[in-house]
Amino acid sequence: MTRAAVLAGVGATVPPRVVTNAELAQRLDTSDEWIRTRTGIAQRYVVDPGMTTGDLAVEAGQRALKSAGTTSVDLVVLATTTPDRLCPATAPSVATRIGLVGVPAFDVAAVCSGFLYALQAGAAAIAAGHADSVLVIGAETFSTILDPEDRSTRAIFGDGAGAVVLRAGQPDEPGAVRQIRLGSDGGMADLITVRGGGSEERTSGRPPRPEDAYFRMEGKSVFFTAVRRMTESSLEVLARTGWQVGDVDRIVAHQANVRIVHAVADQLGVPTDRAVLNIDRVGNTSAASIPLALADGALDGRLTPGDRVLLTAFGGGATWGAATLTWPAVTPG
C-alpha cells in the first residue's frame, strides 16, 4: 500500500519580548507608517540575551508532540538559518532536550523556504518506510544576524519557531501531504545572504569585514523573483495534485511581506482573503514562518478540517517551493 505523510500535530512559540514599530522608530530613520505601508508589519518578537534558536525549537517541538498526542518520533528535521553554532548542527541538541535521545536529527538550511524543504525530507522518509513519524521544526533567531543600523531588515524580521508532527498514513486521509515541489537557483545567491563566517571568507586571504557578519537582502529583486517563483511552483504543485486554483480554500504562504502574499494570490487568481496572515503580529520569521501561520490559523479557526491548503515560499539560495494538503482536525499544542 502507498504510504503518505499525514500531519498529526502542530505547535509554535515566540519569545516574550515584543518590539513595536514605534520602538524601532526611536532608534532608526523610520516610522510606523513607513513599515506598515511597505510590509504590513506592526510588531515582531525578539529573543532576550541568552535565548537561542534551539530554545525556541525545543518549545515548538514539545507543543507539536503534545498536539499529536505522542512523546516520540523516528526522525527530527530542523530548518534554520540561525543555528546555535556553526558546528555541530542544532537538531541533535534539540532532539536530546526534548527527550528523543538516539533519534536521528539534522538541520536543513534553505532560509525562508526551509520549512518546505524540511517537510519534503520528513515526508520522503515516511513514504520510503525509513520512519513512521517525523518531527519537522522551523526555528529562527533572525534578530541575531541583522545589522542594527539597517532599517529595511530590522523592520521586517522577527524570531520564533513552529513545528509539525508527521505520521505514516494513507494518501486520501485528512492531513496527508499530497504533493511538494521544490526548486533552487544558486546564481541568485547574493539576493539573500550573510557573506561572512563560512569557508569563502576564511579562505579569501583578506581580513573579515564587519559588514559581512550581517544579513543582506536585495529587496526589490527579491520581491519580483519571489512572486514569480512562488506563483510558478504553486501552479505546478496544484496541477500535480489534481486541484484547480478555485479548489484552494486557504493559502499559507511564507510571511515575507503582505504585498508579496497578496501579489501571489492575485497572480494565482485566489481571493486575497483566503490567505492566512500573521505577519502583522510576528513579522518575517524565515523558516519558522509557515508553521507559525499554520498554528495560528488552526488556533483561531481560519484553518478548519477539510480545507484544501496550499503552502508556498521563496528564500535564499535562491530556493522556493510549494505543497498541498487537506487540513486535519488538530488542536495546536
Side-chain angles (χ1 to χ4, degrees), residues 14-15 17-47 81 111-113 140-160 162 188 190-193 214-231 234 250-290 292-294 296-297 300 302 310-316 318 320:
V14 291
R17 183 186 170 201
V18 177
V19 177
T20 64
N21 291 348
E23 182 177 339
L24 285 181
Q26 293 176 0
R27 305 195 303 266
L28 301 170
D29 180 21
T30 190
S31 68
D32 176 65
E33 180 183 8
W34 188 91
I35 297 170
R36 286 178 186 265
T37 300
R38 287 160 178 77
T39 68
I41 298 169
Q43 65 172 48
R44 72 287 298 147
Y45 294 84
V46 174
V47 292
T81 310
V111 198
C112 300
S113 304
E140 302 282 15
T141 52
F142 241 71
S143 63
T144 63
I145 60 172
L146 299 179
D147 184 342
E149 304 302 320
D150 183 359
R151 71 170 182 172
S152 61
T153 57
R154 293 285 292 182
I156 294 173
F157 290 92
D159 303 334
M188 295 190 287
D190 287 339
L191 285 185
I192 299 170
T193 189
Y214 296 122
F215 175 86
R216 303 295 179 191
M217 180 173 65
E218 299 292 336
K220 289 184 179 180
S221 295
V222 168
F223 182 94
F224 293 110
T225 307
V227 172
R228 178 167 66 90
R229 292 300 191 179
M230 291 167 71
T231 301
S234 293
R250 291 293 180 189
I251 296 178
V252 182
H254 163 52
Q255 309 285 297
N257 178 312
V258 71
R259 293 186 300 151
I260 289 178
V261 177
H262 284 169
V264 171
D266 287 340
Q267 290 287 316
L268 291 172
V270 176
T272 56
D273 62 4
R274 295 187 188 178
V276 175
L277 293 170
N278 66 350
I279 191 172
D280 59 319
R281 185 175 62 83
V282 301
N284 180 338
T285 56
S286 191
S289 171
I290 287 178
L292 266 169
L294 291 176
D296 281 351
D300 64 20
R302 285 176 292 171
L310 169 67
L311 313 179
T312 186
F314 177 87
W320 58 84

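Predicted model only: the values in this text are computed from it and were never measured.
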Checklist entry - Are any non-hydrogen side-chain atoms of R274 and L310 less than 4.5 angstrom apart? => result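 Contact flag for R274/L310 side chains = no.
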Checklist entry - Looking at side-chain heavy atoms only, is the closest gap between I279 and T39 below 4.5 Å? => result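 No; the side chains remain at least 4.5 Å from each other.
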Checklist entry - Under 3.5 Å, side chain of R151 to main-chain N/O of D29, donor-acceptor pair present? => result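 Yes.
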Checklist entry - Run the side-chain hydrogen bond (donor to acceptor under 3.5 Å, both in side chains) check on E140 and T81 step by step: do they pass? => result CA-CA 7 Å; E140 302 282 15; T81 310; 3.3 Å; yes
Item to check | Result of checking D159, N21, N284 against R44 for side chain to side chain donor-acceptor pair (under 3.5 Å) | outcome: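 So, applying the side chain to side chain donor-acceptor pair (under 3.5 Å) to R44 and each of D159, N21, N284, only N21 qualifies.
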Over all atoms of both residues, closest heavy-atom pair of [X] and [Y]:
| X | Y | answer |
| --- | --- | --- |
| A288 | G162 | CB-N, 4.1 Å |
| M230 | A253 | CE-CB, 3.9 Å |
| G315 | I192 | C-CD1, 3.9 Å |
| C112 | A313 | O-CB, 3.7 Å |
| V276 | Q255 | O-NE2, 3.1 Å |
| Q43 | I41 | O-CG2, 3.3 Å |

Item to check | V111 and H254: CA distance, side-chain angles, deciding distance, side-chain contact (heavy atoms from CB on, under 4.5 Å) verdict | outcome: CA-CA 11 Å; V111 198; H254 163 52; over 6 Å; no
To the nearest 0.5 Å, tell me how far [X] [atom1] sits from [Y] [atom2].
| X | Y | atom1 | atom2 | value |
| --- | --- | --- | --- | --- |
| S31 | R36 | OG | CZ | 10.5 Å |
| R302 | D273 | CZ | CG | 12.0 Å |
| S286 | I145 | OG | CD1 | 7.5 Å |
| T285 | F142 | OG1 | CZ | 9.5 Å |
| R250 | L311 | CZ | CG | 13.5 Å |
| I156 | D150 | CD1 | CG | 8.5 Å |

Item to check | Trace of the side-chain contact (heavy atoms from CB on, under 4.5 Å) decision for L268 with I251 | outcome: CA-CA 10 Å; L268 291 172; I251 296 178; 4.1 Å; yes
Next on the checklist: Checking D280 against V258 for the side-chain contact (heavy atoms from CB on, under 4.5 Å) test, could you report, in this order, the C-alpha distance in whole Å, the side-chain angles of both residues, the deciding distance, and whether it holds?
Outcome noted: CA-CA 8 Å; D280 59 319; V258 71; over 6 Å; no
Next on the checklist: If the test is side chain to side chain contact (heavy atoms under 4.5 Å, CB included), which one of V47, T153, V19 qualifies with S143?
Outcome noted: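 That would be V47; it is the only one of V47, T153, V19 passing the side chain to side chain contact (heavy atoms under 4.5 Å, CB included) with S143.
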Item to check | D147/R216 salt bridge by N-O under 4.0 Å criterion | outcome: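 A salt bridge is present here (some side-chain N lies under 4.0 Å from a carboxylate O).
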Next on the checklist: As a quick check of understanding, evaluate side-chain contact (heavy atoms from CB on, under 4.5 Å) for D296 and R281, giving each step before the final call.
Outcome noted: CA-CA 11 Å; D296 281 351; R281 185 175 62 83; 2.4 Å; yes
Item to check | Option passing ring-ring contact (aromatic ring centres under 6.0 Å, His included) with F157 (candidates Y214, F215, Y45) | outcome: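 Testing each of Y214, F215, Y45 against F157, the sole residue satisfying ring-ring contact (aromatic ring centres under 6.0 Å, His included) is F215.
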